[in-house]
Amino acid sequence: MRFEAITWERLAEAIVDKAMGVTEHGGSRLRIAIDGAPAAGTGELAARLGEALRVRGRSVLVVGTEGFLRPASLRFEYGREDPETYYSGWYDTGALWREVFGPLEADGSGRVLPDLWDPVTDRATRSAHTELPPGGVLLLHGPFLLGHWFPFDLSVHLRLSPAALRRRTRESERWTLPAFERYEDEVGPADVADVLVRADDPRHPAWGGLR
């Protein structure tokens, strides 16, 4: 794939243009993934997309998977630095299906729980539900999003080369790197995402265009 340099601002506008042209599920709400390792800055791109969509008159709900971590007793069952558990057991995918995707089905209520668990206190957040009206857009960001058959209408993957991923991951979190190697091998996010962004240098992203 050929990559061309682009600014984050132009990238956000191009993705929003693409999103506006996607037929919404059941004529209701659009669900967009911003997939990538924490070091790739998925939350920052989600915020940019949210602002660009609001300018276009869309209601937007930004949800991060860090709010859907499992309790510490489950995450650390095999130790605090087990990459296999990080890959397959840290994030509560069942809760994401139930609290985020279920309400956004064509016949759903639209009442989404924006987060469920606080990893700092290791307790439920008790956040109130947020209603996303028909025509609204969900922006879900975080790692390993493309391996669970989540019903996304559009997916964006922020790719870091192995060297960039190691360099930009904090030393205390480098034990997670094998999990991202497994994700590359088993899911191949660069091949399945609708939009692929190379983010090795956060100041100078590049992309492969729209698929």
Side-chain angles (χ1 to χ4, degrees), residues 6-9 11-20 22 25 29-56 58-70 86-88 90-104 112-120 125 127 130 132 136-160 164-165 168-170 173 176 179-180 183-184 187 189-190 192-200 202 205 207 210:
I6 192 169
T7 64
W8 288 111
E9 292 79 7
L11 175 66
E13 288 296 327
I15 294 172
V16 167
D17 285 343
K18 173 72 171 179
M20 298 293 280
V22 172
H25 177 76
R29 303 166 183 92
L30 198 65
R31 301 152 302 182
I32 300 177
I34 303 93
D35 175 67
T42 59
E44 287 85 346
L45 180 56
R48 286 183 183 273
L49 293 175
E51 287 303 312
L53 283 161
R54 292 184 184 100
V55 169
R56 305 279 187 103
R58 292 297 187 98
S59 296
V60 176
L61 178 60
V62 179
V63 175
T65 56
E66 72 274 7
F68 285 86
L69 289 172
R70 297 181 188 275
Y86 177 66
Y87 178 72
S88 60
W90 270 45
Y91 296 94
D92 194 341
T93 56
L96 284 167
W97 277 104
R98 182 179 67 252
E99 303 292 352
V100 178
F101 291 107
L104 299 184
V112 174
L113 191 65
D115 52 57
L116 181 65
W117 200 259
D118 185 337
V120 176
T125 57
S127 295
T130 299
L132 187 65
V137 181
L138 167 73
L139 296 169
L140 180 64
H141 65 89
F144 314 132
L145 291 181
L146 305 182
H148 303 287
W149 301 101
F150 289 143
F152 293 116
D153 300 290
L154 182 67
S155 58
V156 181
H157 176 63
L158 299 185
R159 184 183 185 278
L160 296 177
L165 178 59
R168 293 177 57 184
T169 299
R170 290 184 295 183
E173 297 177 355
T176 65
F180 294 103
Y183 185 53
E184 289 286 338
V187 178
V192 301
D194 297 304
V195 180
L196 178 61
V197 181
R198 191 169 63 192
D200 287 2
W207 75 323
L210 299 170

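No hydrogens, no waters, no symmetry mates; every other heavy atom, side chains included, goes into these values.
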Task: Thr65: partners by side chain to side chain donor-acceptor pair (under 3.5 Å), with sequence neighbours left out - done: none
- [ ] Could you tell me whether the side chain of Val197 reaches within less than 4.5 Å of the side chain of Ile6, counting heavy atoms only?
- [x] no
- [ ] Check Arg159 against Ala190 and note the closest heavy-atom contact, atom names and distance.
- [x] CD-CB, 4.4 Å
Open item on the list: Students often mix this up, so state it plainly: with edges at 30° and 60°, are the rings of Phe150 and Phe152 parallel, tilted or perpendicular?
Closed with: perpendicular
- [ ] Evaluate side chain to side chain contact (heavy atoms under 4.5 Å, CB included) for Val62 paired with Val60, printing each intermediate quantity in order.
- [x] CA-CA 6 Å; Val62 179; Val60 176; 4.0 Å; yes
Open item on the list: Would you say that Leu116 contacts Asp92 through its side chain, given a criterion of any heavy-atom pair below 4.5 Å between the two side chains?
Closed with: yes
- [ ] Mind listing the closest non-hydrogen atom pair of Leu146 and Ala193 along with its distance?
- [x] CD1-CB, 4.1 Å
Could you list the donor-acceptor pairs under 3.5 angstrom formed between side-chain atoms of residues 32-45 and any protein atom two or more places apart in sequence or on another chain?
| from | atom 1 | to | atom 2 | distance (Å) |
| --- | --- | --- | --- | --- |
| Asp35 | OD1 | Phe144 | N | 3.2 |
| Asp35 | OD1 | Leu145 | N | 2.9 |
| Asp35 | OD1 | Tyr183 | OH | 3.1 |
| Asp35 | OD2 | His157 | ND1 | 2.7 |
| Asp35 | OD2 | Tyr183 | OH | 3.0 |

- [ ] Dump the intermediate steps for side chain to side chain donor-acceptor pair (under 3.5 Å) on Ser155 and Asp194, then the final yes or no.
- [x] CA-CA 5 Å; Ser155 58; Asp194 297 304; 3.2 Å; yes
TODO: Could you tell me whether the side chain of Phe101 reaches within less than 4.5 Å of the side chain of Leu140, counting heavy atoms only?
DONE: yes
- [ ] Please report the closest heavy-atom contact between Asp200 and Arg168, naming both atoms and the distance.
- [x] O-NH1, 3.5 Å
- [ ] Please step through side chain to side chain contact (heavy atoms under 4.5 Å, CB included) for the pair Met20 and Leu53, ending with a clear verdict.
- [x] CA-CA 9 Å; Met20 298 293 280; Leu53 283 161; 4.3 Å; yes
- [ ] Test side chain to side chain contact (heavy atoms under 4.5 Å, CB included) on Leu196 and Trp207 and set out the steps.
- [x] CA-CA 6 Å; Leu196 178 61; Trp207 75 323; over 6 Å; no
- [ ] Specify the closest pair of heavy atoms between Pro143 and Tyr86, including all atoms of both residues, with the distance to one decimal.
- [x] CG-OH, 4.2 Å
- [ ] Identify the two heavy atoms, one from Ala52 and one from Val16, that lie closest to each other, and give their separation to 0.1 Å.
- [x] CB-CG2, 3.6 Å
Task: Sidechain-backbone polar pair: Asp153 side chain, Arg31 backbone, donor-acceptor under 3.5 Å - done: yes
Open item on the list: For a quick test of reading the model, state the closest non-hydrogen atom pair linking Ala199 to Leu160 and the distance between them.
Closed with: O-CD2, 3.1 Å
Open item on the list: Between Leu30 and Leu138, is the side chain to side chain contact (heavy atoms under 4.5 Å, CB included) condition met? List the steps.
Closed with: CA-CA 6 Å; Leu30 198 65; Leu138 167 73; over 6 Å; no
Under 3.5 Å, which donor-acceptor pairs link side chains of residues 93-100 to any protein atom two or more places apart or in another chain?
none

- [ ] Would you mind checking if Arg56 and Glu13 are paired as a salt bridge, meaning a charged N to carboxylate O distance below 4.0 Å?
- [x] yes
Task: Heavy-atom side-chain contact between Pro189 and Glu184 under 4.5 Å - done: yes
Task: Exam field: side chain Arg29 to backbone Leu132, donor-acceptor pair closer than 3.5 Å - done: yes
Task: Leu113 side, atom CG; Thr125 side, atom OG1 - distance, nearest 0.5 Å - done: 6.0 Å
TODO: Taking Trp8 for its side chain and Pro202 for its backbone only, find out whether a donor-acceptor pair lies under 3.5 Å.
DONE: yes
